[in-house]
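First, the structure itself, so that you have it in front of you.
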Amino acid sequence: VEEGKVVNEGDTAQFKGEVPFSSSLKCVKWQRYQNRKYKDINIHKEKYWGSVNDLKNPILKINKAGPDDEVEYRLK
C-alpha cells in the first residue's frame, strides 16, 4: 500500500515488495503476522487472487479487505 493511502473495507489492498539480488535466493513468499507469529500466505486462495511470489516483482493483493486484514505483512 502506498504511504498515506487508505484502503476502505471491501476494497483491494496491494503491496509491492523489493528483493535485493542474491544468486542464492531461489524463491520468496508473503507472510502475515497472526497469533504472535508470522504465517505463510497461500496466494492461490481467492482472498489473495492476483498475488505473485515473483523474485523480480513480488505483489500481494488482498481482495475484499476487512478489519481482520489489518496486520503486519512481510516478504520472506
How many angstroms lie between NZ in Lys56 and CD in Glu18, if you round to the nearest 0.5 Å?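 If we round to the nearest 0.5 Å, Lys56:NZ and Glu18:CD are 15.5 Å apart.
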Rounded to the nearest 0.5 Å, how far apart are CG of Asp68 and CD of Gln34?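 So the gap between those two atoms works out to 8.5 Å.
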Quick one: list whatever passes side chain to side chain donor-acceptor pair (under 3.5 Å) with Gln31, sequence neighbours left out.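 Result, side chain to side chain donor-acceptor pair (under 3.5 Å) vs Gln31: Asp40, Arg74.
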Please examine the side chains of Tyr73 and Phe15, heavy atoms only from C-beta on, and report whether any two atoms are closer than 4.5 Å.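 Phe15 vs Tyr73: side chains touch.
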With the threshold set at 4.0 Å, does a side-chain nitrogen-carboxylate oxygen contact exist between Asp69 and Lys47?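 Looking at Lys47 together with Asp69, the answer is yes, because their closest N to O distance falls below 4.0 Å.
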Who clusters with Val52? Use side-chain heavy atoms, under 4.5 angstrom, across I, L, V, M, F, W and Y, and order the result by chain and number.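 Ile59, which link up through side-chain heavy atoms under 4.5 Å apart, make up the rest of the cluster.
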Of the non-hydrogen atoms in Pro20 and Leu25, which two are nearest, and what is the gap between them?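 Looking at all heavy atoms of both residues, the shortest contact is O-CD2, 4.3 Å.
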Mind checking whether Lys39 and Tyr33 have side chains closer than 4.5 Å, heavy atoms only?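 Answer no - side chains too far apart.
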Could you report the tightest heavy-atom contact between Val19 and Pro58, atom names first, then the distance?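 Distance-wise, the nearest heavy atoms are CG2-CG, 3.9 Å.
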Measure across Thr12 and Lys64 and return the closest heavy-atom pair with its distance rounded to 0.1 Å.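 Heavy-atom minimum between the residues: OG1-N, 4.4 Å.
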What are the two closest non-hydrogen atoms of Gly17 and Leu75, and how far apart are they?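 Taking Gly17 first and Leu75 second, the nearest heavy atoms are CA-CD2, 4.0 Å.
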Nearest heavy-atom neighbours spanning Tyr48 and Ile62: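 So the minimum-distance heavy-atom pair works out to CE2-CG1, 4.0 Å.
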Measure the SG-CG distance between Cys27 and Leu55 for me, rounded to the nearest 0.5 Å.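 Taking SG in Cys27 and CG in Leu55, the distance rounds to 7.5 Å.
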Carefully, step by step, assess His44 and Trp49 under the rule side chain to side chain contact (heavy atoms under 4.5 Å, CB included). CA-CA 6 Å; His44 302 292; Trp49 186 86; over 6 Å; no
Can you find a heavy atom in the side chain of Pro67 that is under 4.5 Å from one in the side chain of Glu9?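 Side-chain contact under 4.5 Å: yes.
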Should Val71 and Tyr38 be regarded as members of a common hydrophobic cluster, given that ILVMFWY residues are connected when their side-chain heavy atoms come within less than 4.5 Å of each other, either directly or indirectly?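 As far as the 4.5 Å side-chain criterion goes, Tyr38 and Val71 are not connected within one cluster.
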So does Asp11 get a backbone contact from the side chain of Asn8, meaning a donor-acceptor N/O pair under 3.5 Å?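 No, Asn8 side chain to Asp11 backbone: no donor-acceptor pair under 3.5 Å.
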Could you check whether any side-chain N or O of Ser51 sits under 3.5 Å from a backbone N or O of Lys61, counting only pairs where one atom can act as donor and the other as acceptor?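 Pair found, side chain donor or acceptor close to backbone of Lys61.
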